[in-house]
Amino acid sequence: MHNFKRHTVTAALPYANGPVHIGHLAGVYIPSDIYVRYLRQKGADVLFICGSDEHGVPITIKARKEGVTPKHIIDKYHSLISNSFKKFGITFDIYSRTSNAIHHETSAEIFKTLYDKNAFIEKENDQYFDEEALQFLADRYITGTCPHCNYEKAFGDQCESCGTSLSPDELINPRSTLSGNIPVKRKTKHWYLPLNQYEDWLKKWIIEEHKTDWRSNVYGQCKSWIDNGLQPRAVTRDLDWGVKVPIENTEGKVLYVWFDAPIGYISATKEFTKDWEKYWKDKDTRLIHFIGKDNIVFHCIIFPAILHTEGSYILPDNIPANEFLNLEGEKISTSRNWAVWLHEYLEEFPGKEDVLRYVLTANAPETKDNDFTWRDFQTRNNSELLAIFGNFVNRTMVLTHKYFNGTIPEVNELTKTEENIIAEIEKFPARIANNLEVFKFREALVQLMNLARLGNKYLTDSEPWKINETNPQHVKTILNIALQICANLAILSKPFLPFTAEKIEKMMNLSPKNWEAAGNISLLMPGHQINQPHLLFEKIDDEAIQYQIEKLKQTQISNQQTMHIDSTPKPNITFEDFAKLDIRTGTITKAEKVAKTKKLLQLEIDTGIDKRTVVSGIAEWFSPGEIIGKKVSVVVNLEPKKLRGIESQGMILMAENPDGKLIFVAPDDTTAINGSTIK
RNA sequence: GGCGAGGUAGCUCAGUUGGUUAGAGCGUCGGAUUCAUAACCCGGAGGCCACGGGUUCAAUUCCCGUCCUCGCUACCA
């Protein structure tokens, strides 16, 4: 085990085209903040780095849509995001942004170094070009008809109607969104990182050297990528928003956003300190990336490959990626507004930053996707944070004021019970720390709560309110120890619940202490005066929860009304155009799954005029058995097309429900005769 | 379909290098208590450890297969 001298901890750069939500917090920022706060409390040399990721096409699209500049968008979200983090007590040493000059210089420099080392492959290929706007078109800047579902506003990279990933070449009738013109193909040159050449190196570094210390989800995902064979990846794009490619004659080309974004960690460090190199180039520095699982490939494979080739940088020692957090059973979605936004939470639950920190840690998606529900949020606040932690501190403080006017009493004779309690207290710092060291934040938090439980049990068992008459000397001992537990809680809860820890410190007149100070009963000296107690947490009532649930329900309703309904009709066609279509009623006579596909069913349809084979992408919604005998509407004069080697001789008409499920568009009356023309 | 990660009490999760009664928190039921935000404390109930085979003296744990969830990937006239 390497003995590291310092830590560089990074948290994934949030993309500056929207606000941040609880999924971001639970997945990346809370665990990283807990870890860093813990390290700092241990007196470690640690740097905590983050910033906004401000390049890439989606930002330019959003800007165009809203009629503002990309700069306007990133400024808006950079400050919104940065603010939310600050208010939640995420203690980055620096929260930078990739639009800064220093980042452009740094990423250009690294690109250039790799370029000079011949680390890239140059490839020339055809790409769509807008002759009016005089620029190459990013995939997102091209719209056209989806070849799969005929949706007319599909993008060059994806059809939002059927969800298919596309390449611009597949689009029917492509158009530039910049000018509306039909784009032309032009040759353009790009650079690729030949990831395939890194396979042996990655195998050794990840598969062999990090088999045991990386989380199984991270390790498994990497292994999957490596085993499946890696492909060269383009590192440049034709775009005018981003880091300019630092080579001559490359006007209009920028670094692909995934290339420059992780370099943002380095440039942010540079911006923060002149000493940045020791945090990135010294073998004694431990580099840790906190990310969500969607980022595994970039942080475990691509970015390390870049750093490795550059040559002077260290590689990450661990990459604790979390899985995803769902909200009330559904995937969190920015575009569908299915989220709890941090800036809204801060307004609706003022002073409850720690409550959310607690709930998201207790329910963190460390090993698998997890679900955030408002009911669970309420229960964890009321029955755990408040009832166990808050209540213990409160009852201890109240008793101290009642019996000793807020002065810490001295410890007298220790019974066996006290000796056991003290021995227990000693174990907690290590117990919590051991879990934090291996990124088990959930379990660490459970241990913290167990300390409060220990305190509650001790008070209840020793009943100072009963023995005050008969044995006042022992009451002093009991309360001293209970108060020492509170002081320990102030220290040990700080990484998790920083605002609460500070409140306890204030109530107890206690100066902040480092981690090693905890684990004993000498934190408060007899005679020390404490302040009046204030409640650390308050009950969250049904009303507040109901309001949040209602809010989500409204979102759901409005989503259902707007989803997938294209409000602009297609251009008019003549009757002659319509008459070209030959749609017949038919009956499904056979159905079977197409081997090795998830969505395809091979159907045999009795169209009244013949029996023919149709391949249809409905397997996700219908099993072969349930649709045999089903009446359907079939386009019988569609040009046949081969799918997965099977010739499809027609198309079945389907409609789509708001939830994405396809339903048959079929004759209302089952007496409809096969072959009857639909007109 | 391929690959990866998961499938353990009502809920959220531990755990098992194969071995006597499978754990925790919350919830639930009962008891005790009143210092404390009806909170705390004690106790009970609640599990074919996804399903089917196999290996073994013994499997929730190992092997094979199946099903379900999530992710990546292919594919969806």
Side-chain angles (χ1 to χ4, degrees), chain A residues 146-150 159 162-165 215-228 292-294 296-297 321 323-324 326 331 359 362-373 375-376 379-380 382-388 390-403 440 442-443 445-447 449-450 452-453 455-466 468 475 478-479 482 533 535-539 593-601 614-621 634-635 638-644 647-654 662:
Chain A
C146 172
H148 301 298
C149 69
N150 285 327
C159 170
C162 64
T164 310
S165 303
R215 282 189 182 165
S216 59
N217 58 341
V218 176
Y219 180 84
Q221 182 66 62
C222 290
K223 193 167 181 303
S224 170
W225 277 86
I226 295 168
D227 288 350
N228 283 335
K293 69 171 160 184
D294 51 332
I296 290 177
V297 65
E323 300 284 297
F324 287 153
N326 293 326
K331 215 172 287 188
V359 173
N363 193 22
E366 281 173 17
T367 49
K368 62 177 181 193
D369 291 0
N370 260 346
D371 196 20
F372 176 95
T373 67
R375 284 288 163 210
D376 180 64
T379 307
R380 287 198 189 269
N382 294 354
S383 320
E384 293 181 25
L385 254 191
L386 186 153
I388 296 162
N391 182 42
F392 170 66
V393 174
N394 186 242
R395 65 200 293 213
T396 305
M397 302 279 292
V398 167
L399 283 169
T400 307
H401 277 278
K402 186 167 176 178
Y403 295 136
K440 292 188 174 178
R442 258 190 333 224
E443 182 56 26
L445 187 62
V446 167
Q447 290 305 330
M449 293 302 282
N450 281 345
R453 287 190 177 96
N456 274 321
K457 185 168 165 49
Y458 176 53
L459 277 187
T460 305
D461 287 352
S462 50
E463 303 180 300
W465 48 89
K466 257 190 182 168
N468 193 37
V475 171
I478 295 167
L479 277 178
L535 297 179
L536 292 174
F537 307 103
E538 56 187 21
K539 272 236 153 85
K593 197 116 185 266
V594 178
K596 297 189 177 183
T597 67
K598 190 154 84 183
K599 300 188 178 178
L600 294 185
L601 287 185
V614 171
V615 179
S616 187
I618 57 174
E620 280 184 303
W621 312 111
V634 201
V635 182
L638 192 65
E639 201 66 49
K641 167 151 179 175
K642 269 202 173 178
L643 285 172
R644 287 260 127 187
E647 189 171 82
S648 181
Q649 302 154 325
M651 179 170 143
I652 297 178
L653 300 190
M654 305 296 291
L662 297 177

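Computed from a predicted model, the values in this text were never measured in an experiment. Throughout, protein chains are lettered first and strands after them, A, B, ... in sequence-line order, and every chain is numbered starting at 1.
- Rounded to whole Å, atom P of U12(B) lies 18 Å from atom CD of Glu443(A).
- Between Asn394(A) and Pro533(A) the shortest heavy-atom distance is ND2-CB, 4.0 Å.
- Relative to the side chain of Asp369(A), the nucleotides C35(B), C72(B), C70(B) differ in distance, and C70(B) lies closest.
- Ile388(A) and Asn456(A) make their closest contact through O-ND2, 3.1 Å (heavy atoms, listed as atom of the first residue, atom of the second, distance).
- Comparing C11(B) with G54(B), their P atoms sit 31 Å apart, to the nearest whole Å.
- Contact annotation: the side chain of Trp225(A) never approaches that of Lys223(A) to less than 4.5 Å [non-hydrogen atoms, C-beta and beyond].
- With distances taken from any side-chain atom of Gln221(A) to the nucleotides C26(B), C72(B), C42(B), the minimum falls on C72(B).
- The same atom, P, is picked in U17(B) and in G1(B); the two are 33 Å apart, to the nearest Å.
- Residue Leu386(A) has its side chain nearest to U37(B) when only C40(B), C26(B), U37(B) are considered.
- Atom-to-atom distance recorded for Asn363(A):CG and Leu445(A):CG is 11.0 Å, nearest 0.5 angstrom.
- Nearest-nucleotide positions on RNA chain B for Ser216(A) and Lys539(A) put Ser216(A) closer to the 5' end.
- Spacing of P atoms, C64(B) relative to C76(B), comes out at 32 Å, to the nearest Å.
- One finds the CD atom of Gln447(A) at 11.5 Å from the NZ atom of Lys440(A) (value rounded to the nearest 0.5 Å).
- Taking atom P in both U12(B) and C35(B), the straight-line distance is 38 Å, to the nearest Å.
- Following rounding to the nearest Å, Tyr219(A) (OH) and C72(B) (C1') show an atom-to-atom distance of 17 Å.
- Within 4.0 Å (heavy atoms only), Asp461(A) reaches sugar-phosphate atoms of the nucleic acid but no base atom.
- The main-chain N or O of Ala321(A) is found under 3.5 Å from a side-chain atom of Arg215(A) such that the two form a donor-acceptor pair.
- Gln221(A) places none of its side-chain heavy atoms less than 4.5 Å from the side chain of Val297(A).
- Taking atom C1' in both A9(B) and A22(B), one finds a spacing of 10 Å when rounded to whole Å.
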So which protein nitrogen or oxygen atoms get under 3.5 Å of nucleotides 63-65 of chain B's nitrogens or oxygens?
none

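- Nucleotides A24(B) and U16(B) have their C1' atoms positioned 15 Å apart, rounded to a whole Å.
- When the nucleotides G27(B), G7(B), C72(B) are ranked by their closest atom to the side chain of Lys368(A), G7(B) comes out on top.
- Here Ile296(A) lies out of heavy-atom contact (under 4.0 Å) with every strand.
- Remark: the backbone N or O of Phe324(A) is paired with a side-chain donor or acceptor of Asp369(A) at under 3.5 angstrom.
- Taking atom CG of residue Asp371(A) and atom C1' of nucleotide U69(B), one finds them 12 Å apart after rounding to whole Å.
- Here Ser383(A) reaches the OP1 or OP2 of G27(B): one of its side-chain N or O atoms lies under 4.0 Å away.
- Using a 4.0 Å heavy-atom criterion, one finds that Tyr403(A) contacts no nucleic acid atom at all.
- Comparing A14(B), U33(B), C42(B) against the side chain of Lys466(A) picks out U33(B) as the nearest.
- When distances run from any side-chain atom of Leu535(A) to the nucleotides U37(B), C41(B), C72(B), the shortest one goes to U37(B).
- When the P atom is used for both C26(B) and G43(B), the distance is 13 Å, rounded to whole Å.
- Val635(A) comes within 4.0 angstrom of no nucleic acid atom, judged by non-hydrogen atoms across all strands.
- Protein atom CG of Asp227(A) is 14 Å distant from nucleotide atom C1' of U73(B), rounded to whole Å.
- Comparing Ile652(A) and Ala364(A) by the nucleotide of RNA chain B that holds the closest heavy atom to each, the one mapping nearer the 5' end is Ala364(A).
- The phosphate of G71(B) has OP1 or OP2 within less than 4.0 Å of a side-chain N or O from Lys331(A).
- Per the geometry, CG belonging to Asn450(A) stands 13 Å off C1' belonging to C26(B), to the nearest Å.
- Here G15(B) is the nucleotide among G15(B), A36(B), A5(B) with the atom lying nearest to any side-chain atom of Lys440(A).
- Residue Arg442(A) places at least one side-chain N or O under 4.0 Å from the OP1 or OP2 atom of A14(B).
- Note: CD1 (Ile388(A)) to C1' (U37(B)) measures 13 Å, nearest angstrom.
- The distance between atom CG of Asn391(A) and atom C1' of C41(B), rounded to the nearest whole Å, is 11 Å.
- Nucleotides U34(B) and G10(B), compared at atom C1', are 31 Å apart to the nearest Å.
- When atom types are taken as modelled, the side chain of Ser224(A) and the backbone of Gly220(A) share no donor-acceptor pair closer than 3.5 angstrom.
- Note: Glu323(A) CD to Asn217(A) CG = 4.5 Å, rounded to the nearest 0.5 Å.
- At least one side-chain heavy atom of Arg395(A) sits less than 4.5 Å from a side-chain heavy atom of Trp465(A).
- Checking the phosphate oxygens (OP1, OP2) of C42(B), a side-chain nitrogen or oxygen of Lys457(A) falls inside 4.0 Å.
- Of the candidates C26(B), C35(B), C41(B), C41(B) carries the atom nearest the Asn456(A) side chain, counting heavy atoms from C-beta on.
- With values rounded to the nearest 0.5 angstrom, Arg442(A) atom CZ is found 4.5 Å from Thr367(A) atom OG1.
- Helical stems involving RNA chain B, defined as 3 or more consecutive Watson-Crick or G-U pairs under 3.5 Å, span B:1-7 with B:67-73, B:10-13 with B:23-26, B:28-31 with B:41-44, B:50-54 with B:62-66.
- OP1 or OP2 of A14(B) has at least one side-chain nitrogen or oxygen of Thr367(A) nearer than 4.0 Å.
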